[in-house]
Colleague: 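Supplied in structure tokens, the structure appears directly below.
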Amino acid sequence: MIKHESIETNSGLLIILTLIVISIGGLVEIVPLFYINDTVEDVAGVRPYTPLELRGRDIYQREGCYLCHSQMIRPFRDELLRYGHYSLAAESRYDHPFQWGSKRTGPDLARVGGKFSNEWHVAHLKNPRDVVPESIMPNYPWLLENDLDYADVQARMRALKRTGVPYSETQQEYDRNIAEFGLVVADRLDILNAEDSLVEQAMGQNYDGVLSRITEMDALVAYLQVLGTMVDFSQYDEGYFVEFR
Ligand code: HEC
């Protein structure tokens, strides 16, 4: 007690000791960032979002879905039973910003891809109570009315490229993506080809059930349907996770 009082009444000493404490805290937070590339292991299957999925992700953020939904399955038994394999760092390596979150008014969405049909998602987003009567999730009917604006999708991809997402613009980058992700995926990660690839995916899969236009619903459902599906977990963790399935 007495010693602490002498610190608090001596501003010079207080400043010096405060700086020491802050420096230690700073080092603990900053130093690991220099090793981030070693920390995030490569996991087969994880790829950047296609232009359509990327626009869907933008809409997810615009509508504030993250305010009620997390996207990180914690490594606990109850989470595992409910959602599946816990989230890997690599699964959000191309997410800028990540959507982990901690607020779960609704369920975690990290592995929602493939859990429901496209039709279910469209009906649910239009009016959640049509498919889940007790739901308190808001309606998002405008997603089906609004045409998807994708005029700036190339600029968005370029911005992400600067943060390290391997979208390609040069032949060399494109070739590297073919080697890493295969030809079909590499085509979709090519910035110069982005608008065509977006139209092709939206029209080919018809996520929203509307054939004549590309709506915001197309993009959002494409995004939801890819969440958590990139890694093939049947290859790993034989035994431990199989036991719970
Ligand atoms: C006010 C909180 C809230 C907001 C905002 C919200 N949701 Fe939900 N969401 C819920 C609740 C509660 C449920 C569980 C009941 C249900 O299925 O409707 C849910 C369920 C879901 C499900 C089904 C998940 C599952 O595994 O059963 C999906 C998919 C979903 N929401 C997507 C979205 C998307 C996309 C948005 C943004 C456009 C969004 N939600 C915004 C609360 C919310």
Side-chain angles (χ1 to χ4, degrees), residues 46-88 91-92 94-150 152-153 156 160 198 201-202 205-210 213-234 241 244-245:
V46 177
R47 59 156 175 80
Y49 296 112
T50 66
L52 183 67
E53 292 156 8
L54 185 64
R55 288 301 287 126
R57 188 174 184 279
D58 294 334
I59 291 166
Y60 183 91
Q61 284 171 222
R62 182 192 74 191
E63 299 296 352
C65 310
Y66 56 85
L67 292 169
C68 288
H69 292 286
S70 60
Q71 282 192 30
M72 186 184 10
I73 302 165
R74 275 70 170 169
F76 304 127
R77 187 176 174 129
D78 59 321
E79 299 259 303
L80 222 76
L81 287 169
R82 180 162 183 191
Y83 301 118
H85 196 293
Y86 57 80
S87 297
L88 306 180
E91 287 180 286
S92 38
Y94 300 128
D95 272 357
H96 298 283
F98 60 78
Q99 300 296 316
W100 300 335
S102 57
K103 181 81 174 76
R104 284 182 179 166
T105 304
D108 188 279
L109 297 181
R111 302 218 179 282
V112 81
K115 183 174 171 188
F116 304 103
S117 65
N118 296 341
E119 293 77 18
W120 188 93
H121 279 297
V122 174
H124 184 249
L125 287 163
K126 233 163 70 182
N127 178 9
R129 276 141 304 279
D130 283 350
V131 280
V132 185
E134 69 277 22
S135 181
I136 55 157
M137 181 166 136
N139 299 351
Y140 296 91
W142 54 87
L143 297 175
L144 211 47
E145 291 155 18
N146 293 355
D147 285 333
L148 179 68
D149 176 9
Y150 53 91
D152 59 357
V153 69
R156 288 169 185 274
L160 282 169
L198 183 148
Q201 189 182 359
Q205 305 265 333
N206 192 21
Y207 294 96
D208 63 354
V210 181
R213 305 153 44 222
I214 300 176
T215 64
E216 293 185 341
M217 187 69 92
D218 273 311
L220 184 58
V221 174
Y223 171 66
L224 290 173
Q225 291 291 36
V226 81
L227 287 179
T229 62
M230 290 183 191
V231 180
D232 176 8
F233 283 101
S234 64
F241 288 105
F244 293 127
R245 257 181 229 132

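Both ligands and their constituent atoms are indexed starting at 1 by order of listing. Quick caveat, the model's predicted, so the values are computed rather than measured. In what follows, residues are counted from 1 in the order of the sequence shown.
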Colleague: Minimum distance, heavy atoms only, to atom 29 (C) of ligand 1: which one of His121, Lys115, Arg104 is it?
Modeller: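 Ranked by closest heavy atom to atom 29 (C) of ligand 1, first place is His121.
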
Colleague: Show which atoms of ligand 1 fall inside a sub-4.0 Å distance from at least one heavy-atom site of Leu125.
Modeller: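 Those atoms are 34 (C), 35 (C).
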
Colleague: Do the charged groups of Arg104 and Asp108 touch, with an N to O distance under 4.0 Å?
Modeller: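 Counted as a salt bridge, because a side-chain N and a carboxylate O are separated by less than 4.0 Å.
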
Colleague: Pick from Thr215, Leu52, Leu220: which one makes a side chain to side chain contact (heavy atoms under 4.5 Å, CB included) with Leu148?
Modeller: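 Among Thr215, Leu52, Leu220, the one meeting side chain to side chain contact (heavy atoms under 4.5 Å, CB included) with Leu148 is Leu52.
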
Colleague: Among pairs that include at least one residue of residues 53-73, which meet ring pair (Phe, Tyr, Trp, His ring centres under 6.0 Å), considering only residues two or more places apart or in two chains?
Modeller: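 Found Tyr60-Tyr223.
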
Colleague: State whether Glu79 and Arg111 are salt-bridged, where the test is any N-O pair (Lys NZ or Arg NE/NH1/NH2 against Asp/Glu carboxylate O) under 4.0 Å.
Modeller: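 Salt bridge: no.
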
Colleague: Quick test: of every protein heavy atom, which one is nearest to atom 5 (C) of ligand 1, and how far off is it to 0.1 Å?
Modeller: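 Nearest neighbour among protein heavy atoms for atom 5 (C) of ligand 1, to 0.1 Å: Tyr140 OH, 3.3 Å.
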
Colleague: Taking Asp95 first and then Arg57, would you say they form a salt bridge - that is, a charged N and a carboxylate O separated by under 4.0 Å?
Modeller: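 Yes, charged N to carboxylate O under 4.0 Å.
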
Colleague: For Ile136, take its heavy atoms, then give the atoms of ligand 1 lying under 4.0 Å from any of them.
Modeller: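 The list of qualifying atoms is 12 (C).
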
Colleague: Going by chain and residue number, what protein N/O/S atoms come nearer than 2.8 Å to atom 8 (Fe) of ligand 1?
Modeller: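 The answer is His69 NE2, Met137 SD.
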
Colleague: Who gets closest to atom 25 (C) of ligand 1 by heavy atom: Tyr83, Trp120, Tyr60, Phe116?
Modeller: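 Residue with the shortest heavy-atom distance to the ligand atom: Phe116.
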
Colleague: Test Gln61 against Gln99 for side-chain hydrogen bond (donor to acceptor under 3.5 Å, both in side chains), laying out the working first.
Modeller: CA-CA 9 Å; Gln61 284 171 222; Gln99 300 296 316; 3.3 Å; yes

Colleague: Where the side chain of Asn139 meets the backbone of Pro141, is there a donor-acceptor pair that is under 3.5 Å apart?
Modeller: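 Pair absent, no side-chain N/O of Asn139 close to backbone of Pro141.
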
Colleague: Between Phe116 and His121, what is the ring plane arrangement, given parallel below 30°, perpendicular above 60°, and tilted in between?
Modeller: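 The arrangement is perpendicular - the two ring planes meet at more than 60°.
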
